[in-house]
Amino acid sequence: DAKTTQPNSMESNEEEPVHLPCNHSTISGTDYIHWYRQLPSQGPEYVIHGLTSNVNNRMASLAIAEDRKSSTLILHRATLRDAAVYYCILRGNSGYALNFGKGTSLLVTP
Amino acid sequence: DTGVSQDPRHKITKRGQNVTFRCDPISEHNRLYWYRQTLGQGPEFLTYFQNEAQLEKSRLLSDRFSAERPKGSFSTLEIQRTEQGDSAMYLCASSLTGASNQPQHFGDGTRLSIL
């Protein structure tokens, strides 16, 4: 699976929107973009995934660039419970393991 | 909603002892994965099962590690002759299929501490 690049950390104010970027310039046409997050002392939690079109669910929105070389996870109103490490992961047809990397550590301040 | 369950949540043992962890995946999920996570790092893949067949092992899985998934339901991960470097969080995940658009659902892990 192709690699992703994310900022090490980001900070947001509570109740503000958060845009978490991810670069994946070597993405292949069949790679899905997955986002997971990991709260302290918990296992990773699936957030959202997409292929080409933007996606929305109850947790977040995923905006995918037209050339698919980058994507952005959008939390519409950050809460203190959203403080976590967010991982952007590509999954292709031949892959089975999730390659987590180091992710982005999101700090939410009141 | 019964998610992935792991037992025990914490395990403290002396170096050289054997330990075994259990994972109960989400019912009817065919795929089961094991990952290991050390402090400050993202989880790293160890091995996975399709039903009862173990299909892939990472180079991280030394010969002291063995995993089973009898009858394609729960899985166990055993570490023999534990070493200090085995201290980590061991995470289990399951997915309905192995398709690239299928999310993996994780348990909260077993934290292993080697004295």
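Chain A is the first sequence line, chain B the second, and so forth, proteins listed ahead of strands; every chain is numbered from 1.
Proximity to chain A among residues 68-79 of chain B is not found for any residue, judged by heavy-atom separations below 4.5 angstrom. Among residues 70-89 of chain A, the residues having any heavy atom closer than 4.5 Å to a heavy atom of chain B are, in sequence order, A:Tyr87. Identified by a heavy-atom distance below 4.5 Å to chain B, the contributing residues of residues 49-64 of chain A are A:His49, in residue-number order.
Judged as a salt bridge (charged side-chain N to carboxylate O under 4.0 Å, His left out), the pairs with a partner in residues 84-105 of chain B (not counting sequence neighbours) are, in order, B:Arg64-B:Asp86.
At least one side-chain heavy atom of A:Pro44 sits less than 4.5 Å from a side-chain heavy atom of B:Leu91.
B:Gln37 touches chain A through its side chain: at least one heavy atom from C-beta onward sits under 4.5 Å away, while N, CA, C and O do not. Contact of B:Ala99 with chain A is made through the backbone alone, with heavy-atom distances under 4.5 Å. For A:Ser41, the part sitting under 4.5 Å from any heavy atom of chain B is the backbone (N, CA, C, O) and nothing else. Using a 4.5 Å cut-off between heavy atoms, B:Arg31 touches chain A through its side chain atoms alone. For chain A, the nearby part of B:Glu56 is the side chain; its heavy atoms alone come within less than 4.5 Å.
When the side chains of ILVMFWY residues are joined at heavy-atom separations under 4.5 Å, either directly or via intervening members, A:Leu98 and B:Leu96 end up in two distinct hydrophobic clusters. Hydrophobic clustering (side-chain heavy atoms under 4.5 Å, transitive across Ile, Leu, Val, Met, Phe, Trp, Tyr) groups A:Leu20 together with A:Val47. Clustering ILVMFWY residues whenever any of their side-chain heavy atoms sit less than 4.5 angstrom apart, transitively, puts B:Phe49 in a cluster other than the one holding B:Ile26. Under a hydrophobic-cluster definition in which Ile, Leu, Val, Met, Phe, Trp and Tyr are linked whenever side-chain heavy atoms come within less than 4.5 Å, directly or via other members, B:Leu112 and B:Phe65 are assigned to the same cluster. A continuous path of hydrophobic side-chain contacts links A:Leu106 to A:Ile48 [ILVMFWY only; heavy atoms under 4.5 Å].
A donor-acceptor pair under 3.5 Å links the side-chain atoms of B:Asp108 to the main chain of A:Gly43, judged by distance alone. A:Tyr36 contributes a side-chain N or O that, together with a main-chain N or O of B:Gln104, makes up a donor-acceptor pair within less than 3.5 Å.
Atom CD of A:Gln38 is separated from atom CZ of B:Phe106 by 8.5 Å, given to the nearest 0.5 angstrom.
If you run ring-ring contact (aromatic ring centres under 6.0 Å, His included) between A:Tyr96 and each of B:Tyr48, B:Tyr33, B:Tyr35, only B:Tyr48 comes through.
The environment of B:Ile12 atom CD1 is sparse: at most 12 non-hydrogen atoms of other residues, nucleotides or ligands sit within 6.0 angstrom. The environment of B:Gln84 atom CD is dense: over 12 non-hydrogen atoms of other residues, nucleotides or ligands sit within 6.0 angstrom. Other residues, nucleotides and ligands contribute at most 12 non-hydrogen atoms within 6.0 Å of the CG atom of A:Asn8. Around atom CG of B:Leu39, no more than 12 heavy atoms belonging to other residues, nucleotides or ligands sit under 6.0 Å away.
For A:His34 against B:Ser100, the heavy-atom pair with the smallest separation is NE2-O, 2.8 Å. What you find for B:Pro103 and A:Tyr46 is that their closest heavy atoms are CB-CD1, 3.3 Å.
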